[in-house]
Amino acid sequence: MIKYFPGSVKILLFCYALIFINLDLYCQKINEDSLLKIIRATKYDTAKVDALQALANYQLKHKMQDSAGMNTLQKAKTIAEKINYQQGIIQTLLTTGNYYRSKNDWGKSMEAYNEIVRLCISNGHDSLKQKSLMMAYNNLGGIYNFNGDFKNSLSYRLKALEIVEKLMPENFNNRAIVYLNIASDYRQLKIASKGIEYLNKTASFFQQLSSRLKMEFYYEYYENYITTDSTESAKKILEDIKEGLEKFDLSKFQQKDYSLMLLKLSGNYELKIQQNYNAALQKFDTAFAIATDLNNRSEITESLFNIGQTYLKKKMYPDAINYLQKAYDSSVSQALKNQSLKIATSLAEAFKSAGKEDAANTYLEKALALQNEIYDDEKTAELNFLEAKYQYERKEKEITTLKLSNTENQLAVLKRNRLLLIGGITASALLLSLGLLYRSSQQKRIIAEKDKTLQQEQIKFLERQQQLVSLQSMLNGQETERTRIAKDLHDGLGGLFSTVKMYFSTLQHEQELLKSNSLFNKSYELIDTASEEVRRIAHNMMPEVLMKLGLTHALQDMCSNISAGKLLQVKLQSYGMEQRLNASTEIMLYRIVQELLNNTIKHAQATEAIVQFNREGQRLTVTVEDNGRGFNTLEADEKKHAGLETIKSRVTYLNGNISIDSQQEIGTTVMMEFLLNGEV
Amino acid sequence: MINILIIDDHPLVAGGIEMMLKDEEHLNIIACAKTAKEALDFLATNEPEIILLDISLPDIDGLQLCELIRVKNKYSKILGLTSTNDASIITQLLHRGANGYLLKNMERSELIEAIDKVLDNKIFLSRAANEKVLEQFSSVSTALNNVPALTRREKEILQLLEEGLNGPQIAEKLFLSPYTIETHRKNLMQKLNANSLVQLLNIARNKKMI
């Protein structure tokens, strides 16, 4: 994938827009000796795990002893697993994930985060687990973002968002980080207005955020405003940054780093928006001084380039060439190919404007060669990431791809077209600058159109994804509520009615005469009916057998209850279902079958039906077939098949596929396929 | 004197049972436990003749508790007590060593009958429960007697496999994706417990499915 950032201000000290969250349970200033003492002194217990974990962190982060650190971490994990110390396991996984992420080993990093997701989803909902889950989602999103896959990044961040908003609304910094990351994804998906919406969500508590986070927010605000052409708002942000530099509590290094950011942003603002070249020069000169002070070579190069660019705009070609050449040499010596390409292109333009065609040609050739190299590098990197992603997805059965494969395919085709187009246009623009014209307006129009379609597709995609998120929480909420009400009915009202009946029964026993009292008999009967009714309602809401004994038993009961009615004989066949699935999956599957059989009873006039479950490993197929009169799937009557929509949304909830095959006078077969998640 | 332990977390229900039994002089309620733990603690030193066991308890599931009690105590007669009459729960309860089953909205006479019956080493099922269990046994036995029922698609695909077509050819013929055919084939192998296509077709022929 070609990452093409026309005129983007990219700072290399901090990786803006890519904030990972770490769980800092342990103090960083740790004495290695005291740790070793703890480790030696304790047997297998949680303290030993914590100490090993802290030591590993220390070795990895501060002493750069990678293999020793990973070794220690492995030990911590083994012991934590042996004594089933969940917090310890999660903590070691988080360190593992973060370590591999810092090494750009995406596969292993995703594996570790994924394991956290699995652990946290399957057992319990304590706050530490929720927090870890949120972090795992956020960091997984970061990996996708870093590799240019903003859609998947966004989908993970939205999951993180759900947790952070629901369970830790008071943790402002964490909430803000997730908002910030989501905003960055939206901006990079070219929907900056959405990005701003998310940034604004911090409005009520912005002042309480950490200084560094505030700065990161300013940066994201600025980029979003520039993308939406809100130059006035962007300018205001520059002032906010300036004020922040004076007021915020920042370390010396951060001071310099963010001053550099401000100078670059405002330099570019002067250069591109205000076209006040002298002001721009002044900013870039200062940026150069700070970068030199920080001894940050890539920033030095960037500043030289910016200065050169400004001279170019001022039509002061010798100065422009002078700075650009320095920048070019510096970027080549650091093997910063993207920078070199940008600078070489600029140099060619400068030479051309100065009338030195030969030199211009030389740099154009260099630029073309660089572009090929970058393309190859990025292809390799992309392949590596895809490989890692593939490995990971095989374990994860990544949900979005399954759910949204259609939309995604369309999107991918469009994206590929656009990339080809961008590639083609970049190349042709280079060639054209050799000759006479700069760009043809025709091509501009095509890009604009493509961009527009792409954007619409992306919006659609995001809307669907959001729908999915809300659908999931709705369905889940519904079932949780039903379970609760059913339990209340059973234990509360049901128990009460039973007790009343017990009293009546005893009363009748004690007062023989009551047996001939019709009023008493009627009351007795009504109490009986009422208690029966409560039981029926509670059963429909949530069958106790489903909770206690699981899906197969519950379905068996359902099928024999229907068969007992004599109109329809339902046969349950289940294979490979010995192990129970997780509770919410079982409820969903139960509801799906219930709904399908309801349809059969109501509409199909069938005499026989089969409900079949086949599970092999993580693959589950569910078939419900009847011999009824069938219906036309194409012109399915909306009212009659409103039920089908509910079924489909439940299938979607479980990331499944559904196919309905109905033939008139032969019957209907509904087949569903699910890939069960790791946590089942 | 027959000693009875009531295990139910609902004090009203326990009170109701106590009241129903107060006129039966040979029956003595020795204790009421609100949780499985309380019950197990009590049973560690006592052996009541009758245990009335609610299957919904706050700590351990009543079905599991029944099994736990049976591990150490073969003497007491256990009568399950619940507000639901799901057939599977009834059968599971009996599997785990209960001697009978009562719905909570029972009548006094039924409770006394149940106690007498289990003391007489018989199984007691409440009348409503009785029907349920029979229903299920009848459907279970039909399932056991018969070979697995094939769905229409499965029959079709089995037939075409018998005719020598392979997955993609069948897919083309039935206007389905090869992946779907593969799914059906896997399901068939699982249903007929076959490890290979040859074995699958052999079993199907033996069972007269094709």
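As the structure is a computational prediction, the values presented were derived from the model and not from experiment. A, B, ... follow the sequence lines: proteins, then strands. Residue 1 opens every chain.
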- Rounded to the nearest 0.5 Å, what separation is found between the CG atom of A:Asp491 and the NZ atom of B:Lys104? 6.5 Å

- Please indicate whether A:Asn598 has more than 12 foreign heavy atoms, meaning atoms of other residues, nucleotides or ligands, lying under 6.0 Å from its CG. yes

- A:Thr499 side, atom OG1; B:His10 side, atom NE2 - distance, nearest 0.5 Å: 6.0 Å

- Query: To the nearest 0.5 Å, how far apart are OG in A:Ser498 and CG in B:Leu102?
  - Reply: 11.5 Å

- Task: Answer yes when A:Glu510 and B:Lys22 have at least one side-chain N-carboxylate O distance shorter than 4.0 Å, and no when they do not.
- Result: yes

- Item | Which portion of B:Leu111 sits near chain A, non-hydrogen atoms under 4.5 angstrom | neither

- Which residue out of A:Glu616, A:Arg619, A:Glu532 racks up the most heavy-atom pairs below 4.5 Å with chain B? A:Arg619

- Stepwise, does the side chain to side chain contact (heavy atoms under 4.5 Å, CB included) test hold for A:Arg535 with B:Asn105? CA-CA 10 Å; A:Arg535 195 175 66 209; B:Asn105 65 349; 4.1 Å; yes

- Query: Using non-hydrogen atoms only, which part of A:Met547 is less than 4.5 Å away from chain B: side chain, backbone, both, or neither?
  - Reply: neither

- Query: Do A:Glu544 and B:Ser56 meet the criterion of a side-chain donor-acceptor pair at a distance under 3.5 Å?
  - Reply: yes

- Message: Heavy-atom pairs under 4.5 Å with chain A: which of B:Leu63, B:Thr82, B:Asp61 has the most?
- Response: B:Asp61

- Query: Can you say whether B:Ile89 sits under 4.5 Å from chain A via the side chain, the backbone, both, or neither, judging by heavy atoms?
  - Reply: both

- Which atoms of A:His490 come close to chain B, meaning under 4.5 Å heavy atom to heavy atom: side chain ones, backbone ones, both, or neither? both

- Side chain / backbone / both / neither for B:Glu18 at chain A, heavy atoms under 4.5 Å: neither

- Query: Looking at A:Gly495 and B:Val13, what are the two nearest heavy atoms and their distance?
  - Reply: O-CG2, 3.9 Å

- Per-residue contact mode, B:Phe175 against chain A (heavy atom under 4.5 angstrom): neither

- Message: Apply side chain to side chain contact (heavy atoms under 4.5 Å, CB included) to residues A:His539 and B:Asp86 and explain how you reach the verdict.
- Response: CA-CA 9 Å; A:His539 181 88; B:Asp86 294 315; 2.7 Å; yes

- Note on the structure: Scanning both residues in full, the closest heavy-atom pair of A:Arg615 with B:Gln190 reads O-NE2, 2.7 Å

- Message: Heavy-atom cut-off 4.5 Å, strictly under: side chain, backbone, both or neither for B:Leu150 against chain A?
- Response: backbone

- Checking side chain to side chain contact (heavy atoms under 4.5 Å, CB included) for the pair B:Arg153/A:Met671: CA distance, chi angles, key distance, verdict? CA-CA 10 Å; B:Arg153 263 304 176 227; A:Met671 189 160 129; over 6 Å; no

- Query: Contact part of B:Asp23 toward chain A, heavy-atom cut-off under 4.5 Å: side chain, backbone, both or neither?
  - Reply: side chain

- Query: What part of A:Arg536 lies closer than 4.5 angstrom to a heavy atom of chain B: side chain, backbone, both or neither?
  - Reply: neither

- Item | Atom group of A:Tyr503 that falls short of 4.5 Å from chain B, counting heavy atoms | both

- Let me know if B:Leu21 has heavy atoms under 4.5 Å from chain A in its side chain, its backbone, both or neither. neither

- Message: With side chain to side chain contact (heavy atoms under 4.5 Å, CB included) as the criterion, how do B:Thr180 and A:Glu673 come out once you've worked through the C-alpha distance, each side chain's angles and the decisive distance to 0.1 Å?
- Response: CA-CA 10 Å; B:Thr180 309; A:Glu673 278 208 84; 5.6 Å; no

- Part of A:Thr669 within contact of chain B (heavy atom distance under 4.5 Å): both

- Query: If you count the non-hydrogen atoms of other residues, nucleotides and ligands that lie under 6.0 Å from CD in B:Glu172, is the total more than 12?
  - Reply: no

- Working to the nearest 0.5 Å, report the span between OG1 of B:Thr91 and CG of A:Leu549. 7.5 Å

- Note on the structure: So, the part of A:Gln569 with a heavy atom under 4.5 Å from chain B: the answer is neither

- State, without any angle test, whether B:Glu107 and A:Gln508 hold a side-chain donor-acceptor pair at a distance under 3.5 Å. no

- Task: Rounded to the nearest 0.5 Å, what's the gap from CE on B:Met106 to OG on A:Ser531? Could you check?
- Result: 11.5 Å

- Message: Please report the interatomic distance NZ(A:Lys548) to OG(B:Ser88), rounded to the nearest 0.5 Å.
- Response: 13.0 Å

- Item | Which atoms of A:Ile666 approach chain B - backbone, side chain, both or neither, heavy atom under 4.5 Å | both

- Does B:Lys191 reach the main-chain N or O of A:Gln573 with its side chain, forming a donor-acceptor pair under 3.5 Å? no

- Query: When you measure from the side chain of A:Glu625 to the backbone N and O of B:Arg152, does any donor-acceptor pair fall under 3.5 Å?
  - Reply: yes

- Message: B:Arg108 and side chain to side chain contact (heavy atoms under 4.5 Å, CB included): which single residue from A:Met502, A:His509, A:Lys501 fits?
- Response: A:His509

- Name the option with the most non-hydrogen atom pairs under 4.5 Å to chain B; the candidates are A:Tyr524, A:Tyr575, A:Phe497. A:Tyr575

